[in-house]
Protein chains: 2
Amino acid sequence: MQRHLTTIIDIARQLGISKSTVSRALTDHPNVNAKTRQRVLELAEQLDYQRNQLAISLLTNQTRTIGILVPEFISYFFPRVIISAQQVLTKAGYNVVICQSGESYEMEVSNAHTLLANRVDGLLVSHTKETRNFDHLRTFQRKSIPVVFFNRVCEDMNVPNVTVDDYRGAFVAVEHLIQSGRRRIAHLAGPDSLPNTRNRLNGYRDALLHYGLPIEPELIISYDLTLEKANIYINHLLNLPQPPDALFTINDPTAIEVLKVCRSRGLHVPNELAIVGFSNDPISELVEPGLTTVVQPVDDLGREAARLLLNAMEGSATEMPERVVLPTQLIVRGSS
Amino acid sequence: MQRHLTTIIDIARQLGISKSTVSRALTDHPNVNAKTRQRVLELAEQLDYQRNQLAISLLTNQTRTIGILVPEFISYFFPRVIISAQQVLTKAGYNVVICQSGESYEMEVSNAHTLLANRVDGLLVSHTKETRNFDHLRTFQRKSIPVVFFNRVCEDMNVPNVTVDDYRGAFVAVEHLIQSGRRRIAHLAGPDSLPNTRNRLNGYRDALLHYGLPIEPELIISYDLTLEKANIYINHLLNLPQPPDALFTINDPTAIEVLKVCRSRGLHVPNELAIVGFSNDPISELVEPGLTTVVQPVDDLGREAARLLLNAMEGSATEMPERVVLPTQLIVRGSS
DNA sequence: CTGTTAGCGCATTCAA
DNA sequence: TTGAATGCGCTAACAG
């Protein structure tokens, strides 16, 4: 499939001038005759000329494109964050390309290579649940391409990051359950490769400790975030000799799954089991009963991540990378 | 921010050989001494060398990258389609970059320019609801960059496309309402810039005609797909002297909004108002009552779109662009 | 104000 | 098997 796209040389030839002049006319360079510029612009328009960004990037060594790498975008969370980040970046004159890895480490590595090969000027990342080795991201660092983590962060890498206050969110959620009279509060936690998971787990633990409740290992289950596994573990918990009277889940989809299981078992929510989720997925206010959950400020998250990246790219390479933690908030609905 | 990335020249110099040889070693060219190749590969690894895709693309005039342009990805629909398309494209050795336009025509044009400037080898598009002028996409065509439309297609452009059978889906949905005894069936339609909207409207109309029911203009309302407007029109319909006994909506989020309005007005669903949505958003099975809706085969949609694009790129430029229409299916739940 | 020249990083002829 | 030379499309430095 050979195709010829109009180049400045085509324009120069047809106008009988040099390609430098064409280039200058096209880039609003001051030193060019108004009339000449006019002619160039008209012919460019007519020939449907488009600057070849590839050539410019090769020359300037910057693409004005930034890459966003996310583990998935089925859940509402990542799309929202991306959109708000994109708004900031677009306003700053950057293009945004998005890659999603389907929670696969291998795919993430491949995406990282693509982004690197295409020489993005900066990278916004939230890694997959499988990612334990971060060499593919350190490569960016080594090449001085700014990287900013959001949501799922690698604490070992010395780069800026933005997270929400998972610890506090979890603490308050569990506190709420305790204060409404629950005593056997279970926690469906995510894989412990994810710091958010660990922070939420700590918040859960500390809330129990703070109120003098025992921490029962049998009530804490880590799983891989798939709904199939969630279903199995929920039933497992409910089949315990002493089943929990409340369940705090790592995210809203999981909490919804709990709701479904309760429905099918004829368990009343919240009387027989109280449920609290995490993230305030739009779905959580539509189910019956409404789901109590912890709000993550998705828009702020995207905005902050973009801001940190812009800072990093626009040079002010501070010695201490900035780390932003955004507040979370509990929304109480019918499920608790 | 000046940074130097390792090039083949660095490798060549350090090894005291020419860059051509390095290039050959790196590209698995047959004519290169095994030992030399070995040394090159080792040093490349050690220096953390990455091929500069920009330079290669400039040279070969192809990027092995394809662009996906969608109007939004908040709803579950587009992410799903993208993921399945991406699977096919990745397998075929292409990289995928995604741009979303937030339903803004202006943003879509800008994204199209970005993708063009970055010389994608092919484009998968679903346009915004505002798009009426397709010049920004015709540009790709003029430059022989294959374009494939999916879901929201421009019928005037002579390119392959994939859609679902909106007409049939709507027909069957309305038929179902009629057969379950409804007689005043309203339709909340989308903007008529979108062919899907028109097709669904036609399906709705023809079903009424087919069963000898009158078409009441006051029961058909086009709107802009925002939930705020949806809310206004839903209330408007329910306030009619003769309110409808069923409501068929352009999509599931709108149907959910209907459900919410009914809840707040104390209207029983489906007894006082039956509701049927479109697209089988995961949310539709979680609400109470479950939402009757028309399934769109999202995975097939993405796969087919990718297949058509690969065909178009891999040369077989057939005279008649292929147009695929995928079947839809009604799922009956509690809301009807 | 305009033309000439160089070079970004690479693959690919053509010679050796 | 290897090296030298060419050019992809463009901007920028330099010279008129």
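Computed from a prediction, not measured in an experiment: that's the story for all the values here. Lettering of chains follows the sequences in order, A, B, ..., and the numbering in each one begins at 1.
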Could you check whether the side chain of B/Arg119 and the base of D/dG9 have a donor-acceptor pair of N or O atoms closer than 3.5 Å, going by distance alone? no
Once you apply a heavy-atom cut-off of 4.0 Å, does B/Ser57 come out as touching a base, just sugar-phosphate, or nothing? nothing
5′-ward residue of the pair A/Thr7/B/Arg24 relative to DNA chain D: B/Arg24
Nearest whole angstrom, please: distance from the C1' of C/dC14 to the NE2 of B/His29. 13 Å
Using whole Å, what does the distance between atom P of nucleotide C/dA11 and atom CD1 of B/Ile9 come to? 12 Å
If you count the non-hydrogen atoms of other residues, nucleotides and ligands that lie under 6.0 Å from CZ in A/Arg13, is the total more than 12? no
Would you classify A/Ile17 as touching base, sugar-phosphate or nothing, given that sugar-phosphate means primed atoms plus P, OP1 and OP2, and contacts are heavy atoms under 4.0 Å? sugar-phosphate
Whether A/Arg37 contacts C/dC1 is assessed here as follows: a side-chain N or O lying under 4.0 Å from the phosphate OP1 or OP2. Is that the case? no
B/His136 and B/Glu108 side chains, donor-acceptor separation under 3.5 Å: yes
How far does CG of A/Leu54 sit from CG of B/Leu54, to the nearest 0.5 angstrom? 5.0 Å
Out of C/dC10, C/dC1, C/dG7, which nucleotide sits closest to the side chain of B/Leu59? C/dC10
From the list C/dC1, C/dC10, D/dC10, which nucleotide is the closest neighbour of the side chain of A/Asn52? D/dC10
Would you say A/Ser23 places a side-chain N or O within less than 4.0 Å of OP1 or OP2 belonging to D/dT11? yes
Nearest-angstrom distance from the residue atom OH of B/Tyr49 to C1' of C/dG9: 7 Å
Test: A/Glu304 and A/Arg307 ion pair at under 4.0 Å: yes
Salt bridge between B/Asp48 and A/Arg142, side-chain N to carboxylate O under 4.0 Å? yes
Just N and O in the side chain of A/Thr36: are any of them under 4.0 Å from OP1 or OP2 of C/dT2? yes
In whole angstrom, give the distance that lies between atom CD of B/Gln53 and atom P of C/dC8. 19 Å
Distance check needed: C/dA11 P versus B/Ile8 CD1, whole Å only. 6 Å
Among D/dG9, C/dT2, D/dT2, which nucleotide has an atom closest to any side-chain atom of A/Asn33? C/dT2
Rounded to the nearest Å, what distance is computed from the CG atom of residue B/Leu26 to the P atom of nucleotide C/dA11? 7 Å
In whole Å, what is the span from the CG atom of A/Asn61 to the P atom of C/dC8? 11 Å
Do A/Val81 and A/Asn151 have side chains that get closer than 4.5 Å, going by heavy atoms? no
Which nucleotide in the set D/dG3, C/dA11, C/dC10 lies at the smallest distance from any side-chain heavy atom of B/Ala55? C/dC10
DNA chain D: B/Gly16 or B/Lys19, which has the more 5' nearest nucleotide? B/Gly16
A/Ser20 (side chain) and C/dT4 (base): donor-acceptor pair under 3.5 Å: yes
In this structure, how many angstroms lie between the C1' atom of C/dC8 and the CG atom of A/Leu54, rounded? 12 Å
